[in-house]
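Single-structure report; data block below.
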Number of protein chains: 4
Amino acid sequence: MSSEVSSAGATRGRPRSDQVDQAILRAASALLSERGLDAMTIEDVAARAGVGKSSIYRRWPTKGTLALDAFLDAFLAQQPRVDNGALEDDLREALTLWSAAVVGTATGRALVGLIAESQLDEDLARGWIARVMTPVRAQHRTMVDRAMQRGEIPADSDVDVIMDLLYGAVYHRLLQGHLAITSEFIGLVARMVAEGAKSGAAVVR
Amino acid sequence: MSSEVSSAGATRGRPRSDQVDQAILRAASALLSERGLDAMTIEDVAARAGVGKSSIYRRWPTKGTLALDAFLDAFLAQQPRVDNGALEDDLREALTLWSAAVVGTATGRALVGLIAESQLDEDLARGWIARVMTPVRAQHRTMVDRAMQRGEIPADSDVDVIMDLLYGAVYHRLLQGHLAITSEFIGLVARMVAEGAKSGAAVVR
Amino acid sequence: MSSEVSSAGATRGRPRSDQVDQAILRAASALLSERGLDAMTIEDVAARAGVGKSSIYRRWPTKGTLALDAFLDAFLAQQPRVDNGALEDDLREALTLWSAAVVGTATGRALVGLIAESQLDEDLARGWIARVMTPVRAQHRTMVDRAMQRGEIPADSDVDVIMDLLYGAVYHRLLQGHLAITSEFIGLVARMVAEGAKSGAAVVR
Amino acid sequence: MSSEVSSAGATRGRPRSDQVDQAILRAASALLSERGLDAMTIEDVAARAGVGKSSIYRRWPTKGTLALDAFLDAFLAQQPRVDNGALEDDLREALTLWSAAVVGTATGRALVGLIAESQLDEDLARGWIARVMTPVRAQHRTMVDRAMQRGEIPADSDVDVIMDLLYGAVYHRLLQGHLAITSEFIGLVARMVAEGAKSGAAVVR
DNA sequence: CCCTAAACGAGACGGTACGTCTAGTCTTATG
DNA sequence: CATAAGACTAGACGTACCGTCTCGTTTAGGG
């Protein structure tokens, strides 16, 4: 978000300080965890980082985009690859790891806040898709790809739909809060999605 | 939300005016549709309704709860019962109706804003579950109940999980915005959920 | 400046609080004396008065107009009438009293700051003329009027010019700071203006 | 102001560029005329001159001192010597020329802004006296000196007082703005000062 | 002819105050 | 008592400049 590749080699003027980058991200990350996105103000971040407000606005256009970068520091590579040889097992394990990272944690509260904020902040919405959704889906998509290669599910399955069902269910409970995300729930979701996929239901006819 | 039953019959002083109730709701509803929840300020609602701010705060504790009431005016009974004799058809039709009401409409924007806001406003979160989630789910749950009675799916299926998969998928795309909600998508979701349910995957073992 | 006569008797809404008025003026006055107009910030005034910034902006459009009101509290009626029976004596005493109030005092620094600020703030410039220049000149003008009635100076003298010469000289030294305002200087100024007036030089031919 | 004589002959390193000097002064002068001293920011001057901010700060400690140099470019030698053989005539002509240069002109606005700023900037105040007041007064003082040599006014008159009366009056109207500077006003001022001086009123007894 | 120290442009840096906005509460006069 | 109006404290917003500080890049003199 803050990275802008200089087209030419023209680096004129005083270069941005990495220390400042780090100080801001650390402060933002801390406040995000402690108080949530809503209570994280730019002014507090600046004060906590020992930085002028303009140094923040120079780098991030909105609170959300800053929070996204701060969030990624914590969320980075927290979703490891899994491979159990069977689709249902892979799906269950992926969901279990996801829920461990997210349910009842500071990371989870930050994630929910970012989704809420991204409804209002177009920059954030784009960044969210590009830097969270896409990588995480790419990572998890390999589970489904392997199942297709194994012949466990049809080769022409719509992977996106499978992943939307899988993650949609847990995000739904996380965001609406109408029911708890238990291991039983995760087990049922994984089994249903796997069964549905095996039956060829995800093939576009 | 706004109704507070006076415990005794003691109704002293000037009674609350229904006209004021209506004026506030009409103004809130209009602003909600026009500009979204975030840009709908209590001050604007008061001005548009020709009402003092305190008359709003007397009735609703937060912006979100007011917006919820305003939203329900529009959303009320917009989700009709369907019955086609086959689970997949019922699910597809329900999703289709839901998406027609929500995708790209003012109602949809309001719905998304309310979900976002409910992450910050506990009163709203409770109201949202009680007054939107619960009724809509109850209404749609009958589709699954009928399928169980027909023997189309196992009698001990976990209906909540089925519904979370069904609605989770579409809410996911609505909130994350990573992919469009097309009729193909709806078709695949309905088919996969129906197939998964039929295979007995939703039964708690 | 802050007084606005309500055209009708319509006093709707919560009335402005006199306590707030006083608190703001007291704080502004203190800061004006301590640090001068330039270092007197609206934020400091609000903090010192225990008042929201908007309560200041509601009353005064600019820092200058607030400072003017604060200044008048201190300057009010500090320029008493004098009457010695001879124009030169009157002029000298008036200048002496003025310089005592202004040279090397907090009031003087405030006065100089206000004149400087009034070059940038049209509202303040108007207020300064209406509420400082005009009253003070009216008060001192009586000295010249009496001299005309006595026949000491021609009856058709231009009183404005006489006063501009008198006060112009001391303001000049006060603002330019090129030379000190001594009692000798004041004596010479008073004498020259009195002599010039007696010689009929101030009569428009 | 910008000239600093190097004590030894040690002029090592890259010498200051005259082009830069000129570019800064030209930009400052333009902005000073267009928008006044208050709206002339160092940042704008640098941008307009195509110069780094540090090149300005290297030469001038404050905005005021820069503005003074910029002002002098325009004001330089704009106040020519006059000699009519009679004090009153000389005074009137000097005031007339001064008012032509200053009343309602960009130069006048700059002058007023500089006087205002010099109340806050000690460096500027010193520079103002040394580089504007003193030269202009020295120039105009010759009028009074000639009158003394001619015997038109007493030889022991206090020339400073005479000049403070003369210029005090017009500066007063210029800065306070309570009354216009008309040719009638100038005529009366010149006559009164001349008459007062002739009567020996400016002699210290 | 190279060396080196200062000037140069650009622009980042920590600050500060601005004037605006909204929140939610409080205080009037009027119904 | 409810109401419309609007003042109240509080505090974040995003902007604008300040005066200082790094950068990489000239540009001259002195060796």
Side-chain angles (χ1 to χ4, degrees), chain A residues 9-17 19-21 23 38-47 49-59 61-63, chain B residues 10-17 19-20 23 38-44 46-47 49-59 61-63, chain C residues 9-17 19-21 39-47 49-59 61-63, chain D residues 9-17 19-20 23 39-44 46-47 49-59 61-63:
Chain A
T11 14
R12 303 225 285 173
R14 178 174 177 174
R16 300 252 173 105
S17 158
Q19 283 193 314
V20 171
D21 278 59
D38 191 56
M40 171 193 120
T41 66
I42 297 281
E43 295 212 320
D44 282 352
V45 173
V51 142
K53 281 201 289 178
S54 44
S55 291
I56 299 181
Y57 283 113
R58 200 175 291 123
R59 287 167 168 78
T62 62
K63 184 166 79 165
Chain B
T11 17
R12 305 220 292 166
R14 177 173 172 177
R16 296 227 182 126
S17 156
Q19 284 192 316
V20 171
D38 191 57
M40 169 192 124
T41 67
I42 297 282
E43 230 144 55
D44 282 351
V51 143
K53 281 203 289 178
S54 43
S55 292
I56 298 179
Y57 282 112
R58 202 173 291 121
R59 290 166 166 79
T62 62
K63 183 166 80 167
Chain C
T11 16
R12 303 225 288 173
R14 178 175 175 175
R16 301 253 173 101
S17 159
Q19 283 193 314
V20 170
D21 279 60
M40 171 193 121
T41 67
I42 296 281
E43 291 207 324
D44 282 352
V45 173
V51 143
K53 281 202 287 178
S54 45
S55 291
I56 298 180
Y57 284 112
R58 199 174 293 120
R59 290 167 167 78
T62 62
K63 184 165 80 165
Chain D
T11 17
R12 303 225 294 166
R14 177 174 175 177
R16 299 238 178 115
S17 157
Q19 283 194 315
V20 171
M40 169 192 124
T41 68
I42 296 282
E43 231 143 54
D44 282 353
V51 141
K53 281 202 289 176
S54 43
S55 290
I56 298 180
Y57 282 113
R58 201 174 291 121
R59 290 166 166 79
T62 62
K63 182 167 80 167

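Just the heavy atoms: all of them, side chains too, but no hydrogens, waters or symmetry mates, feed the values below. In the text below, chain A, chain B and the rest are named by the order of the sequence lines, each starting its count at 1. This one's a predicted model, so the numbers in the text were calculated from it and none came from an experiment.
- For C:Thr62, the side chain to side chain donor-acceptor pair (under 3.5 Å) test picks out C:Thr65, C:Asp121, with sequence neighbours left out.
- The CZ-P distance, from B:Arg58 to F:dC1, rounds to 12 Å in whole Å.
- A donor-acceptor pair is defined here as one N or O able to donate and one able to accept, closer than 3.5 Å; no such pair exists between the side chain of B:Lys53 and the backbone of B:Ile42.
- In this structure, the CD1 atom of A:Ile56 is 15 Å from the C1' atom of F:dT15, given to the nearest Å.
- In this structure, A:Arg12 does not reach the F:dC23 phosphate: none of its side-chain N or O atoms is under 4.0 Å from OP1 or OP2.
- Atoms CD (C:Gln19) and P (F:dT9) sit 10 Å apart, rounded to a whole Å.
- Rounded to an integer number of Å, the gap from A:Arg16 CZ to F:dC23 P is 15 Å.
- Closest non-hydrogen pair, A:Gly52 versus A:Ala46, comes out as C-CB, 4.3 Å.
- What separates CZ of D:Arg14 from P of F:dT27 is a distance of 6 Å, to the nearest Å.
- Look at C:Arg59 and C:Asp21 and you find a salt bridge, because one of the NZ, NE, NH1 or NH2 atoms lies within 4.0 Å of a carboxylate O, short of that distance.
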* Asked: Using a cut-off of 4.0 Å between protein heavy atoms and nucleotide atoms, how would you tag nucleotides 18-23 of chain E 5' to 3' with B, S and -?
  -> BBB-SS

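- Each of B:Gly52 and C:Ser55 has a nearest nucleotide on DNA chain F; the 5'-most of these lies closest to B:Gly52.
- Checked against side chain to side chain contact (heavy atoms under 4.5 Å, CB included), C:Thr41 has the following partners two or more places apart in sequence or in another chain: C:Glu43, C:Asp44.
- Residue D:Gly13 is the one, among D:Val51 and D:Gly13, whose nearest nucleotide of DNA chain E lies closer to the 5' end (criterion: closest heavy atom).
- By the side chain to side chain contact (heavy atoms under 4.5 Å, CB included) test, A:Ser17 is found to be paired with A:Gln19, A:Val20, residues two or more places apart in sequence or in another chain being considered.
- Between E:dC8 and D:Arg59, a contact under 4.0 Å exists linking OP1 or OP2 to a side-chain N or O.
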